[in-house]
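Take a look at the structure below.
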Number of protein chains: 2
Amino acid sequence: MRRRLFLSAERLIAEHGFELVSSRDITSDASANIAAINYYYGSKLALLVDIFRARAAELNGERKALLKAALAQQAPRIDDILRALIEPAILWHDPERQTALRYLNRARGEGPPEMQAILQNDVGHLARFVDAIESVCPALPREEIVWKLHFSLGVLHHNSAADYRRLENLSGGACDPGDRERLLERTLAFISAGFLA
Amino acid sequence: MRRRLFLSAERLIAEHGFELVSSRDITSDASANIAAINYYYGSKLALLVDIFRARAAELNGERKALLKAALAQQAPRIDDILRALIEPAILWHDPERQTALRYLNRARGEGPPEMQAILQNDVGHLARFVDAIESVCPALPREEIVWKLHFSLGVLHHNSAADYRRLENLSGGACDPGDRERLLERTLAFISAGFLA
DNA sequence: AGTCTTTTCAAACGAGCGTTTGCGCGCGAT
DNA sequence: ATCGCGCGCAAACGCTCGTTTGAAAAGACT
């Protein structure tokens with residue numbers, strides 16, 4: 001039942017957003033009683049933060065592993081490092097992980113203040129990427145690296161369903177965000193160019 | 001009174017977000033009665049959409065004028081076009097316009113569905129930029145231009161107070177988002193490089 | 001079988017929300 | 001002086017929200 005609440009909450013919020021999903025929506029989707037959320041998680045907020053922590057840890061774990069592999073090469077290039085940052089966030093495409101990604105994306109923008117505080121303060125995993133880029137491009141001042149990483153995350157996070165619908169309206173359907181492999185290459189090309197400028 | 005409600009709603013929402021500001025917050029900030037919003041605007045939503053439309057029109061009007069000026073040069077470069085896109089959104093720094101910017105930024109992420117629908121469908125002003133870039137770089141396929149414009153808007157919109165606090169946490173205070181002129185140049189350099197890659 | 005713990009359930013609680021009501025004030029025009 | 005009207009106001013309405021309650025049901029263990 002705990003797990004069912006977790007998955008229902010995650011899926012409903014990924015689809016409709018944090019503001020539009022009530023405790024009653026979640027418990028009825030999970031075929032549970034209204035009181036179940038408070039019984040298992042203490043509060044609705046605690047459930048949502050639990051989901052957020054679990055999925056963020058999963059994502060950052062993959063990033064960390066890819067970064068380690070990239071740095072283990074004998075001559076790592078900045079593309080490899082940036083790829084380790086963005087690949088999991090673009091290529092997760094089995095249904096459960098895609099849902100998890102949409103949940104995390106929403107949490108960034110519309111999540112409760114407690115989540116936003118975590119996002120602001122937990123920068124350890126990003127600091128690893130700053131260090132990695134510094135080791136590969138010693139000429140780049142650290143301040144410059146942080147700024148460009150900030151811009152790159154802007155590109156990466158600009159990936160909500162609403163953003164895509166605008167993209168398709170603008171291109172008359174020529175741009176297909178469903179082709180994740182090409183999206184990854186396009187994104188990587190764009191931000192790599194920004195770093196090498 | 002209409003104007004007072006407009007400005008109070010805009011300022012409070014820019015500061016605290018759409019979800020945390022109630023009709024009672026707005027009317028009490030404007031020294032008005034709780035019924036004033038419905039009397040002057042019909043509903044709270046109508047007021048918020050009114051604010052959104054007014055400020056978006058103001059912003060896009062400035063962009064349009066700058067774009068026209070850029071294209072009037074005898075040999076316009078892509079930097080000039082991109083600058084017309086991002087300069088108003090970065091350099092507005094008198095207090096009222098800064099508030100307006102924060103309101104618009106929030107509307108993009110946490111605004112009510114009606115606003116998000118406008119953002120998705122009103123792409124005319126962006127189409128002008130696609131055309132302009134096409135006229136300057138005829139070699140770039142239109143699909144490519146739209147993708148890169150999409151990425152550029154990602155960089156531009158990654159500008160909330162929360163994003164900046166993370167940036168400062170990550171850089172140990174070395175990055176100063178308050179220096180708007182430098183931020184403009186940094187941003188322009190990053191996205192221009194992406195277009196020329 | 002009996003006891004104790006864990007889980008499920010219907011019902012209600014209190015608070016906050018956006019909105020509506022209906023009365024009365026003040027002011028300009030007749 | 002009074003009528004009409006735009007406006008301001010206190011109060012209440014109906015609704016949804018997250019949470020709590022207390023008892024019934026299910027399960028575990030001796």
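Numbers restart at 1 for each chain; the letters A, B, ... are given by sequence-line order, proteins then strands.
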If I compare all heavy atoms of Lys44(A) with all of Ser23(A), which pair ends up nearest, and what's the gap?
CD-OG, 3.6 Å
So which atom in Ile81(A) and which in Ala132(A) form the shortest heavy-atom distance, rounded to 0.1 Å?
CD1-O, 3.6 Å
Please work out which residues in residues 7-34 of chain B have a non-hydrogen atom less than 4.0 Å from an atom of DNA chain C and list them by number.
Ser22(B), Ser23(B), Arg24(B), Ile34(B)
[X] [atom1] to [N] [atom2]: how many Å, rounded?
X: Tyr39(B); N: dT21(C); atom1: OH; atom2: P; answer: 15 Å
X: Asn38(B); N: dT19(C); atom1: CG; atom2: P; answer: 5 Å
X: Tyr41(A); N: dT8(C); atom1: OH; atom2: P; answer: 13 Å

Dump the intermediate steps for side-chain contact (heavy atoms from CB on, under 4.5 Å) on Leu101(A) and Asn159(A), then the final yes or no.
CA-CA 10 Å; Leu101(A) 271 185; Asn159(A) 272 354; over 6 Å; no
Applying a 4.0 Å non-hydrogen cut-off, can you work out what Ala35(A) is touching in the nucleic acid: base, sugar-phosphate, or nothing?
base
State whether Arg102(B) and Glu15(B) are salt-bridged, where the test is any N-O pair (Lys NZ or Arg NE/NH1/NH2 against Asp/Glu carboxylate O) under 4.0 Å.
no
Is any NZ, NE, NH1 or NH2 atom of the basic residue among Arg180(B) and Glu87(B) found under 4.0 Å from an Asp or Glu carboxylate oxygen of the other?
no
Are there over 12 heavy-atom neighbours, none belonging to Arg2(A), within less than 6.0 Å of that residue's CZ?
yes
Which nucleotide of DNA chain D is the first, and which the last, in the 5' to 3' direction, to come under 4.0 Å of a heavy atom belonging to chain B?
dG6(D) to dA12(D)
Cation-pi, Tyr103(B) ring and Arg106(B) (6.0 angstrom, 45 degrees)
no
Is the phosphate of dT8(C) approached by Tyr40(A) (side-chain N or O, under 4.0 Å from OP1 or OP2)?
yes
How about Ile118(B) and Arg53(B): do any of their side-chain heavy atoms sit closer than 4.5 Å?
yes
